[in-house]
Amino acid sequence: MKQELKAFGTIELSRKTLQAVEAMGFEEPSPIQAQTIPLALEGHDVIGQAQTGTGKTAAFGIPTVEKVAEKVPHIQALVLSPTRELAIQTAEELNKIGQFKHVRTLPVYGGQAIDRQIRALKRGVHIIVGTPGRLIDHLNRGTIKLEEVQTLVLDEADEMLDMGFIDDIERILKTIPAERQTLLFSATMPAPIEKLSRRYMNHPQRVTIARENLTVPLIDQIYYETREKFEGLCRVLDVEETGKLIIFCRTKRAVDELVSSLDARGYSAGGLHGDLSQVQRDRVMKKFREGRIDILIATDVAARGIDIDDITHVINYDIPQDHESYVHRIGRTGRAGRTGVAMTFIQPKEYRQLRLIMKLAHTKIQRRELPTASDLLEHQKSLVQERLMKTLQQNHYDDYHTVIADVAAEGYDLVDIAAAALKLSIEGFKDAEEEQATASEGFGDTGGAPGMVRLFLNIGRSQKIVRRMWYGPLRPRQISRATPSASSTSTTSSPLWKCRKMWLSGS
Ligand code: ADP
Ligand code: MG
């Protein structure tokens with residue numbers, strides 16, 4: 001494996017850095033990386049402009065790490081970052097790039113106890129990723145010295161400008177030796193950034209990645225506002241035509257919980273997060289790639305670097321922390337010129353956060369109402385109808401003709417026979433007792449007693465997975481209770497479960 005690794009695409013790198021990039025799951029450089037890394041490795045100052053989510057971190061991270069002399073225990077590179085979250089993420093990525101070379105990167109940001117940072121600094125650090133305010137604090141205290149800095153990076157320069165850091169940045173720039181390499185990365189290049197670059201950069205080489213190459217995809221962006229996100233999600237999953245989809249949750253625990261809740265409802269989902277072993281992750285990813293599961297539930301971190309082209313939907317089950325994360329997440333769909341849909345679920349109180357995301361990501365997210373129960377019913381009916389029509393068109397049911405003919409000969413009406421056959425194929429056979437216990441289930445049912453349940457069968461769909469789900473207040477446990485023949489209270493013994501199994505094995 002290592003033998004094959006001669007270069008990262010067209011870029012020549014040291015063995016250890018290549019190994020790290022490989023371990024990070026990067027198969028080839030993104031366009032901004034392919035064009036800026038060689039220039040930076042040659043020692044040029046570089047201005048790299050490309051949209052969010054295009055891999056700018058590694059574009060400066062790889063050459064910066066390559067340049068560090070790991071035996072020299074000084075701060076050799078400084079990355080300025082607009083926010084604490086970004087500083088943390090960027091430091092993480094740099095630590096990964098430098099993992100085999102043993103290049104240490106420390107994030108330094110406001111909000112964390114400064115003593116802790118000072119202790120970490122004393123242990124020896126090669127690269128600092130800092131927010132301007134906290135960095136100045138350290139400079140004033142003398143706890144960070146920048147005399148040995150050879151590489152300076154201004155990351156997300158436009159955002160730093162937006163946040164009013166320009167004076168702080170200039171102050172920091174003046175403390176760094178002029179004999180340095182400066183790399184500036186930004187999604188946009190407003191005039192003050194141009195001015196900054198003219199003043200503080202040395203014949204910068206400019207790389208601009210045109211919009212066509214951007215990962216911010218050509219997709220529908222919508223949001224649903226609801227207090228009942230799980231119910232809402234299930235409805236959407238039932239009505240929406242989906243292929244492979246990724247659902248994002250904020251925490252590892254939320255991922256696990258959603259996997260099991262969806263599983264209990266008969267959806268096939270797999271979870272991906274940092275607590276899983278590499279083997280477990282690979283297994284989930286393989287299933288997802290091969291279409292054996294069609295829902296992947298992941299945390300932001302776990303989803304990083306996932307490279308699957310045919311994702312039709314990205315669902316933000318938890319609203320992303322910030323617009324960067326939003327753009328990263330939705331960038332998982334609509335790849336390779338395909339269309340995609342991004343859906344975001346919010347609680348009413350999260351609306352402001354959503355507005356902020358729209359503003360900072362320069363995007364419009366349309367509000368949509370959740371499908372109602374009757375939309376769902378209609379949809380299920382039309383799916384069954386559609387499948388039935390297709391079966392008729394395909395005309396491969398000769399073997400069953402005699403069965404129907406025999407039943408008709410008993411004097412039953414043909415429409416009745418067809419309806420009964422449909423019921424049998426969807427719900428399986430029920431004896432009279434079961435039939436009574438579940439009398440309120442089924443398509444035609446619209447009202448009923450408390451605890452009543454409606455059953456919906458979701459047949460077909462592109463991925464040939466059949467799901468059975470129920471709606472309303474009934475929980476799996478209650479289903480078992482409502483069924484006299486069920487001997488235990490576990491979901492697996494409920495008729496629903498059996499029914500689902502039957503369908504799955506038949507598909
Ligand atoms: P930007 O700074 O341009 O917004 P990031 O550097 O945050 O973008 O990268 C976006 C995502 O793409 C990250 O999850 C990163 O790990 C991933 N990524 C970066 N470069 C590559 C690559 N060459 N191959 C695969 N994934 C990559
Ligand atoms: Mg970035």
Side-chain angles (χ1 to χ4, degrees), residues 220 233-245 265-268 290-295 310-313 338-341 343 368-430 435 438-447 453-472 495-507:
D220 259 359
L233 175 66
C234 291
R235 286 189 187 197
V236 168
L237 290 178
D238 293 349
V239 171
E240 197 59 29
E241 288 297 321
T242 58
K244 288 198 179 87
L245 62 101
R265 291 234 185 164
Y267 300 90
S268 55
E290 292 172 356
R292 283 183 286 142
I293 51 174
D294 50 1
I295 304 175
D310 54 346
I311 290 166
T312 63
H313 287 65
R338 289 184 174 83
T339 55
V341 182
M343 298 174 161
R368 195 181 285 174
E369 296 306 321
L370 283 168
T372 61
S374 65
D375 290 341
L376 210 76
L377 196 59
E378 276 313 306
H379 183 76
Q380 304 295 339
K381 275 186 183 169
S382 70
L383 273 179
V384 171
Q385 252 170 27
E386 195 182 299
R387 248 211 159 178
L388 199 55
M389 300 285 276
K390 275 199 188 135
T391 309
L392 281 166
Q393 280 153 16
Q394 286 166 357
N395 201 5
H396 282 147
Y397 41 78
D398 282 356
D399 294 351
Y400 298 99
H401 268 150
T402 55
V403 179
I404 301 297
D406 287 352
V407 178
E410 298 285 321
Y412 287 98
D413 175 68
L414 279 176
V415 175
D416 281 343
I417 298 174
L422 194 57
K423 177 180 157 82
L424 180 67
S425 86
I426 289 174
E427 298 178 26
F429 179 71
K430 292 177 184 166
E435 194 61 62
T438 55
S440 54
E441 301 169 359
F443 281 144
D445 188 32
T446 48
V453 65
R454 272 194 200 130
L455 289 182
F456 293 91
L457 239 205
N458 200 341
I459 302 179
R461 321 238 291 203
S462 49
Q463 66 277 29
K464 298 189 200 68
I465 288 174
V466 177
R467 302 184 183 119
R468 169 142 222 185
M469 55 220 69
W470 54 92
Y471 233 75
L496 268 182
W497 181 257
K498 278 186 245 157
C499 194
R500 174 170 170 268
K501 283 236 164 103
M502 185 183 82
W503 273 95
L504 284 174
S505 59
S507 68

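Because the structure is a prediction, the values reported are computed rather than measured.
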Please find the pair of heavy atoms, one from Gly291 and one from Lys244, that lie closest to each other, and give the distance. N-CE, 4.2 Å

Return the set of residues passing salt bridge (Lys or Arg N to Asp or Glu O under 4.0 Å) with Glu386 (not counting sequence neighbours), or none when no residue passes. Lys390

Separation between CD1 of Ile295 and CG of Leu237, rounded to the nearest 0.5 Å: 5.0 Å

Check the pair Leu376, Val239 against side chain to side chain contact (heavy atoms under 4.5 Å, CB included), reporting the backbone distance first and the verdict last. CA-CA 6 Å; Leu376 210 76; Val239 171; 3.2 Å; yes

Separation of Ile293 CD1 from Leu245 CG (nearest 0.5 Å): 10.0 Å

In Å and rounded to the nearest 0.5 Å, what is the OH to CG distance from Tyr267 to Leu233? 7.0 Å

Decide yes or no for His379 and Pro371: does some side-chain heavy atom of the first lie under 4.5 Å from some side-chain heavy atom of the second? no

Just distance, no hydrogens or angles: give the donor-acceptor pairs under 3.5 Å from side chains in residues 394-419, sequence neighbours left out.
residue	atom	partner	partner atom	Å
Asp413	OD2	Val415	N	3.1
Asp413	OD2	Asp416	N	3.2

Residue among Thr312, Val236, Val341 satisfying side chain to side chain contact (heavy atoms under 4.5 Å, CB included) with Thr242: Thr312

With sequence neighbours left out, the residues meeting side-chain hydrogen bond (donor to acceptor under 3.5 Å, both in side chains) with Thr372 are Ser374, Asp375

CG (Leu383) and CD (Glu241) are apart, to the nearest 0.5 Å, by 6.0 Å

